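A quick write-up on the structure given underneath.
All values derive from a computational prediction rather than experimental measurement.
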Amino acid sequence: MTIDSRTIHHIAGLAELAVTDAEAKALAGQLERIVGLVAQLERVEIPSGVGAFVAGPAAATLRDDVVAPVPLNRTPEMLTTGFQRGFYLVPKLGSQEPAE
C-alpha cells in the first residue's frame with residue numbers, strides 16, 4: 001500500500017493536527033512501514049484449534065434490559081419545605097404580586 005503526502009495531510013486534518021510538507025513526507029514513510037508490518041500478520045500461520053484471543057472473560061454477563069427507577073436517598077418531599085401534589089411550592093416574586 002502506498003501512502004502519499006496527500007493522504008497524510010487528510011489524516012492530519014481529521015485528527016486536527018498541523019503537519020508541514022516535510023513532516024508529511026517522513027510520516028508517510030513511517031505509516032507505510034507500520035501498514036507493512038500489520039500486513040505481515042495476515043500471513044502468519046495459525047495452528048488449527050487455536051481460537052482468537054479475547055481480553056477479559058469468555059462470556060460477558062449482561063444485566064436484564066429493563067427500565068427501573070433509580071432509588072433516591074431522599075424523596076422530593078424531603079428536599080424542600082413546600083411540596084404539594086407532586087409540585088414544589090416556591091414563593092411569589094415581588095413583581096408577580098398584584099399591585100396595591
Side-chain angles (χ1 to χ4, degrees):
M1 176 177 193
T2 303
I3 299 173
D4 57 356
S5 294
R6 184 173 155 244
T7 304
I8 294 297
H9 283 293
H10 177 71
I11 294 169
L14 293 173
E16 297 183 5
L17 299 173
V19 176
T20 64
D21 289 335
E23 291 171 330
K25 186 175 181 181
L27 287 171
Q30 293 172 3
L31 196 54
E32 276 188 21
R33 285 193 298 277
I34 292 170
V35 170
L37 289 171
V38 172
Q40 288 179 10
L41 294 175
E42 294 177 357
R43 296 189 295 255
V44 173
E45 292 289 329
I46 300 173
S48 63
V50 175
F53 173 76
V54 178
T61 55
L62 302 175
R63 63 173 172 77
D64 292 334
D65 193 12
V66 295
V67 178
V70 177
L72 300 174
N73 288 335
R74 296 183 192 99
T75 62
E77 295 87 3
M78 295 170 64
L79 298 174
T80 183
T81 56
F83 193 81
Q84 259 182 3
R85 295 182 302 217
F87 293 98
Y88 291 99
L89 302 177
V90 294
K92 287 185 178 181
L93 296 176
S95 63
Q96 292 179 337
E97 294 179 5
E100 294 180 21

Check whether any side-chain N or O of Thr20 sits under 3.5 Å from a backbone N or O of Glu23 as a donor-acceptor pair, and report yes or no. yes
Nearest heavy atoms of Asp21 and His9, plus distance in Å: OD1-NE2, 3.0 Å
Greater than 12 external heavy atoms within 6.0 Å of Leu72's CG: yes
Closest approach of Tyr88 and Leu79, non-hydrogen atoms and distance? OH-CD1, 4.3 Å
Is there side-chain contact between Met78 and Thr75, with heavy atoms separated by less than 4.5 Å? yes
Nearest 0.5 Å please: distance from the CG atom of Leu17 over to the CD1 atom of Ile11. 10.5 Å
Of all the heavy-atom pairs spanning Ala12 and Val19, show the shortest one and how long it is. CB-CG2, 3.4 Å
Find the distance between CG (Leu89) and OG1 (Thr80) and round it off to the nearest 0.5 Å. 7.0 Å
Looking only at atom types and distance, does a side-chain atom of Glu32 sit under 3.5 Å from a main-chain N or O of Ile3, one as donor and one as acceptor? yes
